[in-house]
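Since the model is a prediction, treat every value here as computed from it, not as a measurement. Whatever order the structure lists them in is the order used to number ligands and atoms, beginning at 1.
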Amino acid sequence: MNMLQDDKPKEECGLFGIYAPEQEVARLTYYGLYALQHRGQESAGIAVSDGRKIQHYKGMGLVTEVFSDDTIVGLQGKMAMGHVRYSTTGSSLLTNAQPLVVYFQKGMMSLAHNGNLTNAGELREELGGHGTVFQTTIDSEVILNMIARYRRYNLEDAVIKTMIDLKGSYALLIMAEDKIIGVRDPYGVRPLCIGRIGERFCLASESCALDTIGAEFVRDVEPGEVVTIDEQGLHSRQGLPRAKMAFCSFEYIYFARPDSTMDNLNVWEARHQMGVALAKECPIDADVILAVPDSGTPSAIGYAHAMGIPFEEGLLKNRYVGRTFIQPTQEMREVAVRIKLNANSRVIKGRRVVMIDDSIVRGTTSSKLVEMVRNCGAKEVHLLISSPPVCYSCYYGIDTAEREKLVANKMNTEEIRKFVGADTLHYLSEEGLKRALDGNQVCLACFNGDYPIEIPQKFNKQDLEC
Ligand code: AMP
Ligand code: SF4
C-alpha cells in the first residue's frame with residue numbers, strides 16, 4: 001500500500017478569505033472560521049498578505065485552540081484566507097494542515113482546498129516524474145504545484161489551465177501577494193459564496209460565516225467560475241464551462257449549518273421540507289416527535305407540524321464535546337454516542353415516540369439511540385430518516401465510510417430495522433428528497449451510485465449494485 005492509499009484522502013473543510021486593507025483581516029478570518037468550525041475540527045490555519053509577503057500560522061485542533069489573541073495580532077496584512085479541516089485519523093498531521101504557503105518563481109502563494117480530487121494520484125505521479133517533491137500527502141499540494149508549473153502565465157490563467165487537468169470536487173482559495181482567487185469546480189459539488197463588507201469582498205464556504213462578520217451575501221460562486229478579489233473589487237471569469245450542476249445533497253442533509261443558504265436554498269428550509277415529505281410518506285400515529293440533534297431537528301419540526309403532533313426535546317446533545325478525540329473504532333463509536341447524546345425519560349416514558357435523524361451510515365448511532373429511548377420507557381420507537389439509504393461511498397470529499405461498512409450496503413430496510421431495534425424504519429425516498437430540495441440539481445451518488453464525475457475505474461457502479 002502506498003502512502004497515499006494509507007492516507008485516506010477524504011476531507012471535509014471550510015474556507016474563508018477576505019480582501020480589506022482597512023480592517024483587521026486575520027481577526028475577521030478567525031471569526032469566519034469560527035462560524036465554519038462544524039466543517040472541520042482537526043486543524044485550522046490563517047495566511048495573511050501585506051502586499052509583499054505572505055505570513056501564516058496553523059495548528060491542530062479547534063480554531064479557539066489554535067489561535068490566541070497574540071497570534072492574530074501578529075498576522076497583519078491587507079488580505080487573509082483561512083481553512084478548517086476534518087480528516088480521517090491516518091492523515092491527521094500538522095504538515096497536512098492548510099493553507100499551504102509556498103515560494104515559487106513569481107513570489108509567494110497560498111492555497112486552501114475543500115473537496116477531493118479523483119485523479120490526484122495520477123497527477124502526483126506525473127508531477128513526480130518531472131522531479132516535483134512533496135511535503136504533504138494532500139491533494140492541495142498537487143494543485144499548488146500544477147499552478148506553479150504555469151508560472152509564465154498570470155495567476156488567473158495558471159489557475160484556469162490547472163482546472164483543465166483536475167477531476168473531482170474542489171472549492172479553492174488561492175492567495176498571491178496582491179489578490180485572492182476563489183474557484184469552484186464545473187459541477188459545483190462543494191460550496192463557495194461571495195460576501196460584501198463595505199466596499200470590500202470576502203469568500204466563504206457557507207453564508208453563515210458572512211453573517212458572523214457582518215458581511216452581506218452577494219451570490220454563490222458559479223460552477224467553473226474563477227473570481228478574484230483585490231484592490232479594484234470583485235472580478236469574474238468563467239474558467240471552465242459549467243457542467244450539469246451536481247451540488248452535494250449531503251450538505252443540505254447533514255453537513256452544512258442550518259442558517260446557511262446554499263445555491264439559493266436555505267439549509268433549515270430544506271431540512272424542514274424533508275420532514276414534511278417524511279410525513280407524507282410515512283405518517284405515524286405517535287404521541288411525541290423527537291429529533292436526533294442537531295441535524296435532525298429541522299426535519300423533526302417539519303414532521304411534527306405536518307402531523308400535528310408535539311415536537312419535544314427528548315434527546316439532548318452535550319454541546320461541549322469538542323474535537324474528535326475519539327478514535328474511530330467501532331467500540332469507541334458506541335461510547336461516543338453516549339458521550340454526545342442522552343435521552344430524557346420525562347419526555348419519553350409511556351409514550352409512542354417518532355425519532356428523526358438525518359442519515360444512517362454504519363448504524364451505530366441509531367442502534368444506541370433506539371436502545372436508550374426504549375430504556376427510558378417508550379411504548380413504541382419509530383425511526384424516520386430524512387435521506388435515502390447511504391449505499392455508496394463518497395469520492396468527492398465527505399467521509400461516508402468505506403462501502404463495506406455502510407449498513408445499507410449489507411442489509412435491506414427490514415433487516416436494518418431489526419438491527420437497530422425500531423418498531424418502524426422509514427427512509428425518505430429519493431423523490432421526496434428531490435422535492436424537498438426544491439428542484440435544485442444535486443449529487444445523489446451516495447444514495448444511488450450515479451456518480452456525476454468519473455471515479456477511479458475499480459469502483460464502477462456495475463460492480464457495486466446496492
Ligand atoms: P452511524 O452511527 O455511522 O450510522 O452515523 C450516523 C450518524 O452520524 C447520524 O446521526 C448523522 O447525523 C451522522 N453523520 C452522517 N454523516 C456523517 C459524516 N460524514 N461524518 C460524521 N457524522 C455523520
Ligand atoms: Fe455529497 Fe454523497 Fe455526492 Fe459525496 S456522493 S458529493 S456525500 S451527495
- prompt: Quick one: are the ring centres of Y31 and F16 less than 6.0 Å apart?
  reply: no

task: Inspect the contact between E431 and K434 and indicate whether a charged nitrogen and a carboxylate oxygen are less than 4.0 angstrom apart.
output: yes

- prompt: Do the side-chain N and O atoms of Q37 and Q41 include a donor-acceptor pair separated by under 3.5 angstrom?
  reply: no

message: Quick test of your reading of the structure: of V361, I416, T365, whose heavy atom lies closest to atom 2 (O) of ligand 1?
response: T365

task: Would you mind listing which atoms of ligand 1 come within a distance below 4.0 Å of any non-hydrogen atom of R362?
output: 1 (P), 3 (O), 4 (O)

- request: Go through ligand 2 atom by atom and flag the ones less than 4.0 Å from a non-hydrogen atom of I398.
  value: 7 (S)

task: Have a look at H38 and tell me which of E12, R257, E206 forms a side-chain hydrogen bond (donor to acceptor under 3.5 Å, both in side chains) with it.
output: E206

field: Numbered atoms of ligand 1 (with element) below 4.0 Å of T364, judged on heavy atoms
entry: 1 (P), 2 (O), 4 (O)

message: Show me which atoms of ligand 1 lie under 4.0 Å from any heavy atom of I360.
response: 4 (O)

field: Donor on one side chain, acceptor on other, N440 and Y252, under 3.5 Å
entry: yes

task: Identify whether the distance between the nearest side-chain nitrogen and carboxylate oxygen of E415 and K418 falls below 4.0 Å.
output: no

- request: Using a 4.0 Å heavy-atom threshold (strictly under), name the region of I398 that reaches ligand 1: side chain, backbone, both or neither.
  value: side chain

query: Nearest protein heavy atom to atom 10 (O) of ligand 1, by residue and atom, and its distance?
result: D357 OD2, 2.7 Å

F250 and ligand 1 - part of the residue with a heavy-atom distance under 4.0 Å: side chain

query: What's the shortest distance from atom 12 (O) of ligand 1 to any protein heavy atom, and which residue and atom give it?
result: D358 OD1, 2.5 Å

- line: ligand 2 atoms nearer than 4.0 angstrom to some heavy atom of Y396 are 6 (S)

- prompt: What protein heavy atom is closest to atom 15 (C) of ligand 1, reported as residue, atom name and distance in Å?
  reply: S359 OG, 3.1 Å

message: Tell me whether D357 contacts the main-chain N or O of I385 through its side chain, where contact means a donor paired with an acceptor under 3.5 Å.
response: no

message: List ligand 1 atoms under 4.0 Å from S295, heavy atoms only on the residue side.
response: 12 (O)

Heavy-atom nearest neighbour in the protein, as seen from atom 8 (S) of ligand 2, with distance rounded to 0.1 Å: C443 O, 3.1 Å

- prompt: Among protein heavy atoms, which sits nearest to atom 22 (N) of ligand 1, and what does the distance come to when rounded to 0.1 Å?
  reply: Y254 OH, 2.9 Å

query: Among protein heavy atoms, which lies nearest atom 5 (S) of ligand 2, and at what distance?
result: C446 N, 3.4 Å

message: Would N96 and R85 count as a side-chain hydrogen bond (donor to acceptor under 3.5 Å, both in side chains) here? Give the steps.
response: CA-CA 9 Å; N96 285 346; R85 175 170 193 252; 5.7 Å; no

- prompt: Do we see a donor-acceptor contact under 3.5 Å between the side chains of T118 and E454?
  reply: no

message: Just so I know, are the side chains of L290 and I348 near enough to count as touching, which here means a heavy-atom distance under 4.5 Å?
response: yes

field: Greater than 12 external heavy atoms within 6.0 Å of N318's CG
entry: yes

- prompt: What atoms in ligand 2 come closer than 4.0 Å to a heavy atom of S249?
  reply: 8 (S)

- request: Heavy-atom contacts with G363 under 4.0 Å: which atoms of ligand 1 show up? List them by number with element.
  value: 1 (P), 3 (O), 4 (O)

- prompt: Can you tell me if an N/O/S atom from C394 lies under 2.8 Å from atom 2 (Fe) of ligand 2?
  reply: no

- prompt: Does the shortest distance from atom 1 (Fe) of ligand 2 to an N/O/S atom of C248 fall below 2.8 Å?
  reply: yes

field: Interatomic distance, N116 atom CG to I455 atom CD1 [nearest 0.5 angstrom]
entry: 11.5 Å

message: Need the ligand 2 atom indices (1-based, order shown) with element for anything under 4.0 Å from a heavy-atom of A445.
response: 5 (S)

- request: For the residue pair Y187 and C443, establish whether any side-chain heavy-atom pair is separated by less than 4.5 Å.
  value: no

- line: Numbered in order shown, the ligand 1 atoms found under 4.0 Å of a heavy atom of D399 are 18 (C), 19 (N)

